[in-house]
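As structure tokens, the structure follows; a few thoughts come after it.
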Protein chains: 2
Amino acid sequence: MYTIGQVSEMFGLPISTLRYYDKEGLFPNIERISGIRRFSDAEIEAIHVIECLKKSGMEIKEIKQFMQWCTEGSSTYPLRKELFENRRKSVENEIEQMQKTLDMLRFKCWYYEKAIKDGSEENINAMLPDQLPADIQALYNHAHE
Amino acid sequence: MYTIGQVSEMFGLPISTLRYYDKEGLFPNIERISGIRRFSDAEIEAIHVIECLKKSGMEIKEIKQFMQWCTEGSSTYPLRKELFENRRKSVENEIEQMQKTLDMLRFKCWYYEKAIKDGSEENINAMLPDQLPADIQALYNHAHE
DNA sequence: ACTTGACCTAAAGTTAGGTTCAGGTATTAC
DNA sequence: GTAATACCTGAACCTAACTTTAGGTCAAGT
């Protein structure tokens, strides 16, 4: 069992954020002793899940819905499973998008390295859009798809 | 040369967003004919870069700074190169974080699949935190690092 | 002439996800 | 007994990145 201050330390989250999450209904079963929140292992795991779902792009309201399902027993297992499967697909997709972004950044790193060597962008721009060295062309194409 | 409406179509960005970018200084050299914006190839490539830098987590103000450097000639090549190298590192890092998120999601997919089969979470919770099947344990550990 | 459609501006409004503030309680340390 | 700490609340505030609104220009078609 932990106080809000201890949990704040554990996760590096401000106390105000934890209280905000509670206010938004993300800890529906949290225990209180004379008004003071006691975070149990269930809430600790909930915070891991909250962080995960947030990074996956979910909004607080939707996360609240999930936490609600968790209090409703085994009948909501299929709903919860579906939620995680959708999130998984969404994150897999997002990682693919990030790879495109990364290829654009790698292309631009090459671009400016060469521009510095050449003293100008002229040579490079003469190679655009399809006369770049093969490996760089692949980055450029991927980024501009 | 394109009108704002054509560019909006090309990128799937609202016209209001393009005007907002212009107001924020993201197209420092855009041509206007009797008040109407003409987007040249330079602005088209700028939008590709803006999208990329936004996805990399940069703020509009910082992107404006970069666009400013682009108008200042070859003396700013090193600054621009450094910016892209920092962005590349940052995105590489972010992708690693996303892999952790993904492993949590994969773990939870397994969790609910098994909970549905078993009819309850009891069996699973008895395996936590370190008696899970090896492949699942790896996901769990990665996600809870 | 007049209506339609695509463009323009400045300024106000919106949203999510917090953060800060003002004022209060409860426990422990001296 | 009083002072420091750690907790509490509701309400106001904040920020980035847009979006909407209200009012206006201008060219082409009928």
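Each chain gets a letter, A, B and so on, in the order the sequences are listed, and its residues count up from 1. Keep in mind that what you see is a predicted model, and the values were worked out from it rather than measured.
Counting non-hydrogen atoms under 4.0 angstrom, B:E59 reaches the backbone sugars and phosphates but no base. Across all strands shown, A:T17 has heavy atoms under 4.0 Å from sugar-phosphate atoms exclusively, and none from any base. Residue-level contact check: B:R38 touches neither bases nor backbone, having no heavy atom under 4.0 Å from any strand.
Remark: A:Y21 is in phosphate contact with C:dG18, judged by side-chain N or O atoms under 4.0 Å from OP1 or OP2. Within the structure, every side-chain polar atom (N or O) of A:R19 is placed at least 4.0 Å from both OP1 and OP2 of C:dT20. Contact check, B:R37 against C:dT9: a side-chain N or O comes under 4.0 Å of OP1 or OP2. Between A:S34 and C:dT25 there is no side-chain N or O to OP1 or OP2 distance below 4.0 Å. Considering only side-chain N and O atoms, B:K54 lies under 4.0 angstrom from the phosphate OP1 or OP2 of D:dC18.
Checked against a 6.0 Å centroid threshold, the rings of A:F107 and A:H142 do not count as neighbours.
Taking 4.0 Å as the cut-off between side-chain N and carboxylate O, A:E92 and B:R106 count as a salt-bridged pair. With respect to the salt-bridge test (charged N to carboxylate O, under 4.0 angstrom), the residues A:R32 and A:D22 qualify.
In terms of position on DNA chain D, the residue among B:I60 and A:D22 whose nearest nucleotide sits closer to the 5' end is A:D22.
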